[in-house]
Amino acid sequence: MEYSIRTEHLTKSFGAFTAVDHIDVAVEKGEVFGFLGANGAGKTTAIRMLCGLLAPTSGRGTVAGFDIIAETAKIRTRIGYMSQKFSLYPDLSVAENLRLYGGLYGLGGGELKDRIKEMAGFLGLGDLLPRITGSLPWGWQQRLSLACANLHRPEILFLDEPTGSVDPVSRRNFWDLIHRLSAQGTTIFITSHYMDEVEYCHRLSIMIEGRIAAIGSPRDLKREHGCATIHDLFLRLMERKSDGSPA
Amino acid sequence: MESIVSIRSLAKDHAGEKALRGISLEVPDPCLFGLIGADGAGKSTLMNILATLSDPDSGEVRMLGLDLRKGFPRIRDDIGYMPQRFSLYQDLSVLENLDFFADIFGIRGKAKAERMDHLLEFAGLAPFKGRRAGLLSGGMKQKLALACTLIHHPKLLLLDEPTVGVDPVARRDFWTMLKSLRAQGISLIVSTPYMDEAALCDSLALLHQGAVIAGGSPAEMLAAYPYRLYRVEAAPDARISTLNYPGDKPPPPGFELIYPSGGSLHAAEKPGQAGDPLGRLRLAVPEAASATMLEPALEDCFFALLSGKTANAAGGA
Amino acid sequence: MMSGSRLATIARKEVRHIFRDWQTLVVVLVMPVMMMFLYGYALNADAKEIPVMIEMPSPAPETRQVADKIDASSLFSVRGTVPTASDPRELFRLHGIKALFRFPSGFARDVRRPGGARVQVLVDGSDPNLGTIIRNAAEPMLLGATLEVLGVEQPKVLDLRTLILYNPEQRSALFFVPGLMAVILLMISALLTSVAIAREKELGTMGQLLVSPLRPLEIIVGKIIPYLFLAAVDGFLILAVGRVAFGVRIAGNPWFLGACSLAYIFTALSIGLLISTLAKRQQHAMFMALGATMMPTVLLSGFIFPVASMPLPLRILSHIIPATYFLEIVRGIILKGVGLKELWTPLIVLMGEGLLLMGIAIRKFKVKL
């Protein structure tokens, strides 16, 4: 089995506080993997370690076959990252944002032009290239973020809470794109606390207070715990914990 | 029954586009009223008008027995408004925020202390009253914001997408609070993109491109669902159990709609179809192993109501 | 109708914001002091030890003596003597000198002839101020030195005596303390109020305030009261540092100065409010406030450049900005010790501008978003 992401006892402590506590995660190539948890459960810390932005306190891991401690530079050329919070420059046009991101990953000239054309076609952004990003509806901005993160054809796409206020129809369309990328062999690692949509993942894990509390396919997890939905499962796992942790 | 909000032919342009195209709505008193719709459907524009923060271009709005245009200063005394973005002072503590809103509403002395204690208790924020608002978790921020809008005993609450970006546990707690307010006789108008929240409302209006295209109680909306709905699942031993159906692929023969939901597919069959539905589904979804009849949920209604209208709605506009 | 308690609520909240954001508070309190020391030393334009060289083809004793006199002056420092400079620019470049005195080979002979000796002074004009100082100092110095060397007494035809009033020692502190009062008070008041209101809009809290029973006037007045105090503290700080560190004493009535400063702060707050009605974000408010206050005050109020020597359009502008009138008042009180009798015109203009701007700001303040 070929793994895109693999961690063993990955741990990160900040002083006395253990944000990520011995997590073992293995994500297959081309898989859509949901990485769930409440606010402050340690998702962001874990992602930052996987992207090579933060050194683990102990444990190890590989991303795209490279060590997350020693080979962070190689990892960064092979991953794409998209976040709800920061991604696009609203005062630039769609094409300018795409060119900027392509440039950041060392694409240029005819190659960049071809990739932008291809990506715009794939995501249906073709007519919008000259538009100012900030003037587009949120769903289109989200697609553009996805296009930017995917322009350099990363092996793994990290999507950090990509869906915010999105109605069922736009969310459905977004997930359609995710599955098309997955079908092309891109591994998708996605965090969300919107439980309905994570059922679209091939497999998922639920993180609570730094630990992986459950991992498996949505169907197996629901069967195993006797829950009708992942939403119910999440609530049950969270039950013991009060909503008192800071964001 | 007297309506707490009565809207007639309300229209409003926003940024050169028609944000609201002559909508009419009645919100009974008391009511937990849900405003649902895609991004850009006009939910926030309507909320802003009801909050007396922007003027309609045309049409009439009566709120709390007063005309919105003339009576807005008095309307403001009886409404609580929670905007989409967190709008409290992040550098002030939980207590200081509450204190500030109590003061500007002229609540003083013993009444203020009691009201603040009650609201801290209600929102479950008593243990965190000294914490700066900016350091609260997303869910707690929303609870604090709700507490602040309640400080002056409003008769009507306007909440604009209050649970966006909030985790499921906090979302559930928040809705428990809304239900208990409703039980106390307060009316609420809540906008939300989430259909599981819509199901908790007494009455709903579905906004699409600035118009109300459907409405009624959740039960009425479900009863009006025109299709026969199936859940399509992969075989129990399939390696990948999560099914997907590309959005640009036409639905299988005899079906109006098919879309992923909860890991399986939901397929809406047109009325009057004969023959084995699974057989027809398999033509398009070879991995389909079973098709079970299913009661529609509000999300299925949403797809059914918007499918024809949003052929190009990938962006949700 | 304004409610005192709601006003106090807004003001109290604003004070909390100010103290919570202690970094800004430190900047607001330290900046005036820092600017005073900067201006105190930077504006001290007494040039000293300007590096120069001397070209001297034939070192006769007379030439040497004149050269020594140049070196002995505190203004110049002779970095070297060359017999001939084939390329004078090379010397400027290599030795970093600002002037080259070129004596002719027959200097000792020529000075005794009726036509006199020709001495050339090459001046580095890249710094115009320094160039002017060198030019103005070179001739009397060379003339004096040469006459002294020759032992010739110059016949006295004019006895010029200049008496400087108000600032007899021409101390720059007396000049920049009023100027800084004008700049800092305006900046703090206009910048901080406009940013404070723009912040409410940016955060979305303005909507919450508008939906409440608060009246626009209560929001405005409640928000400006704390900044009025803060600006007053800054004004006091400038005067105190001016007195302690630079020995600037207020010749006139300090209470009158305080009252006039409050009038000026009021005008400045009105500018801030007006800006905040236009700006939607803190960043816009900041740039607009800086553009509307800092630049015109420094450049056009007469703080640095005299108004009288400006071209007409700038002179008109300078008579519009409030700082010009405030500067006139402050200079009058601190330096001349004059009072209301002499200063009522600028004071009335200042207050009139404040009322006008405040009126516009209140009218423009929207009750809706």
Side-chain angles (χ1 to χ4, degrees), chain A residues 31-32 37-41 84 123-124 128 135-143 161 164-180 182-183 193-196 199-203 217-220 222-223 228-231 234-235 238-239 241-247, chain B residues 15 36-41 84 124 127-128 131 134-141 143 161 164-173 192-196 233-234 236 238 240-248 259-264 298-300 302-303 306-307 310 312-317:
Chain A
E31 201 172 24
V32 180
N39 288 327
Q84 187 194 341
L123 296 176
L128 302 176
S135 72
L136 296 176
W138 163 243
W140 284 107
Q141 295 193 30
Q142 195 186 31
R143 285 186 161 214
E161 289 181 17
S165 156
V166 176
D167 61 277
V169 173
S170 350
R171 207 169 57 234
R172 191 260 134 113
N173 287 316
F174 181 75
W175 277 86
D176 199 26
L177 294 172
I178 299 288
H179 278 280
R180 278 159 69 188
S182 149
H193 46 226
Y194 192 63
M195 294 301 141
D196 285 14
E199 305 235 16
Y200 304 149
C201 295
H202 293 138
R203 283 196 315 132
S217 75
R219 183 190 53 185
D220 292 349
K222 283 184 281 188
R223 201 183 289 158
T229 60
I230 293 295
H231 187 258
F234 186 83
L235 289 180
M238 290 289 292
E239 214 76 279
K241 198 180 158 284
S242 69
D243 175 38
S245 53
Chain B
I36 55 178
D39 279 320
Q84 202 167 359
F128 310 104
R131 192 181 282 186
L135 299 175
L136 296 172
S137 72
M140 285 201 291
K141 277 182 187 163
K143 289 175 193 169
E161 300 200 344
V164 165
V166 170
D167 71 53
V169 179
R171 228 145 61 77
R172 187 192 53 181
D173 293 352
T192 178
Y194 303 137
M195 294 306 122
D196 53 341
E233 284 176 297
I240 292 179
S241 56
T242 308
L243 292 178
N244 186 48
Y245 197 93
D248 51 2
Y259 46 88
S261 179
S264 48
L298 278 176
E299 180 144 329
D300 302 300
F302 193 93
F303 277 116
L306 289 188
S307 62
T310 48
N312 193 25

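Below, read A as the first sequence line, B as the second, and so on, with proteins coming before strands; counting in each chain starts at 1.
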Inset, instruction - Test side-chain contact (heavy atoms from CB on, under 4.5 Å) on B/N244 and A/W175 and set out the steps. - result: CA-CA 9 Å; B/N244 186 48; A/W175 277 86; 5.9 Å; no
Legend entry - Donor-acceptor pair between A/D176 and B/Y259 side chains, under 3.5 angstrom: no
Legend entry - Options A/H202, A/R172, A/R171, ranked by heavy-atom pairs under 4.5 Å with chain B, top entry: A/R172
Inset, instruction - Check step by step if salt bridge (Lys or Arg N to Asp or Glu O under 4.0 Å) holds for B/E233 and A/R219. - result: CA-CA 10 Å; B/E233 284 176 297; A/R219 183 190 53 185; over 6 Å; no
Inset, instruction - Check each atom of A/P218 against the heavy atoms of chain B and say whether the ones under 4.5 Å are side chain, backbone, both or neither. - result: side chain
Inset, instruction - Check whether A/H231 gets within reach of chain B through its side chain, its backbone, both or neither, counting any heavy atom under 4.5 Å. - result: side chain
Legend entry - Interatomic distance, A/E199 atom CD to B/T242 atom OG1 [nearest 0.5 angstrom]: 8.5 Å
Legend entry - Side chain, backbone, both or neither of A/F234 within contact of chain B (heavy atoms, under 4.5 Å): side chain
Inset, instruction - Measure from the side-chain N and O atoms of A/H179 to the backbone N and O of A/Y200, and report whether any donor-acceptor pair falls under 3.5 Å. - result: yes
Legend entry - Option that, when pairs with chain B are counted at under 4.5 Å, heavy atom only, ranks first among A/A183, A/C201, A/S217: A/C201
Legend entry - Interface moiety of B/D196 toward chain A, non-hydrogen atoms closer than 4.5 Å: side chain
Inset, instruction - Please tell me if the side chains of B/L136 and B/K143 come closer than 4.5 Å, counting only heavy atoms from C-beta onward. - result: no
Legend entry - Interface moiety of A/R223 toward chain B, non-hydrogen atoms closer than 4.5 Å: side chain
